[in-house]
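Hydrogens, waters and symmetry mates play no part in the numbers below; they use all other heavy atoms, side chains included. To find a chain, count down the sequence lines: A is the first, B the second, and so on, and within it residues start at 1.
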Number of protein chains: 2
Amino acid sequence: MTTEYSGTGDPKRSMELLWGTQDPPRRGPKPKLSVQRIVRTAIEVADAEGLSGLSMRRVADELGVTAMSLYTYVPGKAELIDVMVDTVHADHPRPAGDQNGDGDGDADADADGTGWRTGLERLARENWARYLRHPWLLQVATSLPVLGPHLLAKYDRDLTAVDGLGLTEIEMDLVVSLLHDYVYGAVRSVIEAARAEQRTGMTGEQWWETYAPLLEQVFDADRYPTASRVGSVSGAEYGAPSDPARAFEFGLQRVLDGIETLVRTRAAEPLAGQT
Amino acid sequence: MTTEYSGTGDPKRSMELLWGTQDPPRRGPKPKLSVQRIVRTAIEVADAEGLSGLSMRRVADELGVTAMSLYTYVPGKAELIDVMVDTVHADHPRPAGDQNGDGDGDADADADGTGWRTGLERLARENWARYLRHPWLLQVATSLPVLGPHLLAKYDRDLTAVDGLGLTEIEMDLVVSLLHDYVYGAVRSVIEAARAEQRTGMTGEQWWETYAPLLEQVFDADRYPTASRVGSVSGAEYGAPSDPARAFEFGLQRVLDGIETLVRTRAAEPLAGQT
DNA sequence: CCTAAATATCGTACACCGTATAGAGTGACG
DNA sequence: CGTCACTCTATACGGTGTACGATATTTAGG
């Protein structure tokens, strides 16, 4: 399977698209479409069929026009994707207990001075949920050059979750980046596992059953004793080669623990300058 | 810019390629090529020009044959990439102080019972270095279905770094996944920043100078006070919109701190079963 | 009202991709 | 030698993003 991966378009054009006011033209035939409509349609297509299913012709068909018509509204596919990325960051999703029990009874945590932890956890789960809703986000390069209004608003929301903890501004930025990076890496595993299941038509369990004999045959448990031991135990426990959702829950707590260590240090010695 | 992203090929065919003994054919003309040579060439092309520059025709040209000749050795492009992935995990790179000072003087750390930390840090830096050497790895789906000999050996090496810490097998697997996921997310930021620089021809500093006025104009510091404050401070400190390499160094220490919390807990109460 | 400018849309075309298919050339074995 | 297995090539198909030119539509200016 080959999926498309698209980076960033011309930053100047994208920024104009993202920030510019599209004033309606004064002359010529009335536009049948709008950038918004095109972007919404493109997001629907990408959500349903992945980035590989997103083509200019496909979006145009969906809208009842030819592919070239889209180029009246959008400089190119890369810039279209840039706007798509900014658009899906517009919603403020409520996680509402997405995976396991939501922390409704964690009021005591706030009393410990760790209320920030709930906020960071919510941030992470929001990102997690967005990636699950729009898996194609994993394939697009959200590099800095394109910073739309919704991404900017999200950046602000994220930062408020680490404000007032005694961290420097740099540290606040770094903590937010840490969470983003981890969630990105973790969610990627889940989505790839899901895609693999969909593609091969076999669940993780079936895969395990199919390839376990081959692996055992080729494995050489003497050479790789640790992998052998851990692999068999975790394979039995997961009922699959891996359990990425569980890995996310586990890893998230460890990352938050690591941040807590930093926060405690800063609370104890507010002005120690070691980044 | 549009880059290719390739997932996994047919697992059965890939596994055969990865594990099977390719016995030389008994009849017919002598093969000019070999899977190894094709894979090596493909890796060189991908390293130099990215996954978007990797095409069957391109590799074939490099080898002086037609594109279709490759299909004698390899079932398809996806399976070729699967073998490429396994191949680049063959080396055991020595980080040798890749970013900052290597921990040569950290013998005292071992006395603290935190020698594992050095091992995990080395693991993370090895992965980090591999991604920098083969950035196209970020675009390929290394989902479980394809598990080659070198990946398996690496899995074993990784696990030994968390062996003997009192963790359960599941926890060992989860800790390794955590490190992998974080490194993946962090290195992605660096590579995307580098690609953005290369593509736009402007450094992060130049980007900052170009778009700072536009952002200030559109920003509304009253609506987003936190982002405004942090953005300006970090922008000034980085001299760029972000500093992903620094983010990696910072985040890695936080992640290791989080793992340390877990290890300490397990050392204190060896048999508490809460995963 | 009429014309001319501006705009939207369409049809065609190009270079590229992965690869299916068919055929031509090569070399070892019966 | 003939046959059969095998490698390699040539051609072709349907897909991609998008450059280019023609056509249709709307409105501003005379």
Residue list, side-chain hydrogen bond (donor to acceptor under 3.5 Å, both in side chains) with B:Tyr131, at least two apart or on another chain: none
Distances for protein N/O vs nucleotides 8-10 of chain D N/O pairs under 3.5 angstrom?
residue, atom, partner, partner atom, Å
D:dC8, OP1, B:Lys32, N, 2.7
D:dC8, OP1, B:Tyr73, OH, 3.4
D:dC8, OP2, B:Tyr73, OH, 2.6
D:dT9, OP2, B:Thr66, N, 2.9
D:dT9, OP2, B:Thr66, OG1, 3.0
D:dT9, OP2, B:Ser69, OG, 2.4

For A:Arg58, all residues meeting side-chain contact (heavy atoms from CB on, under 4.5 Å), sequence neighbours excluded: A:Val45, A:Glu49, A:Ser55, A:Glu62
Polar side-chain atom of B:Ser69 near backbone of B:Val65 as donor-acceptor pair, under 3.5 Å: no
Interatomic distance, A:Leu51 CG vs D:dT16 P [rounded to whole Å]: 14 Å
Separation of atom OH in A:Tyr71 from atom P in C:dT12, rounded to whole Å: 18 Å
Closest listed nucleotide, where the reference is the side chain of A:Pro29 and the choices are D:dG17, C:dT7, C:dG18: C:dT7
Separation of C:dG18 P from B:Arg58 CZ (nearest whole Å): 12 Å
B:Tyr224: partners by side-chain hydrogen bond (donor to acceptor under 3.5 Å, both in side chains), with sequence neighbours left out: none
B:Asp47: partners by side-chain contact (heavy atoms from CB on, under 4.5 Å), with sequence neighbours left out: B:Ile43, B:His134, B:Trp136
Polar pair under 3.5 Å, donor/acceptor by atom type, side chain A:Arg57, base D:dT18: yes
Whole-Å distance separating the CE atom of B:Met56 from the C1' atom of D:dT16: 18 Å
Shortest side-chain distance from B:Arg27, nucleotide among C:dA6, D:dA5, C:dG18: D:dA5
Closest listed nucleotide, where the reference is the side chain of B:Lys77 and the choices are C:dC17, D:dA28, D:dT18: C:dC17
Results of ring-ring contact (aromatic ring centres under 6.0 Å, His included) for B:His150 - residues two or more places apart only: none
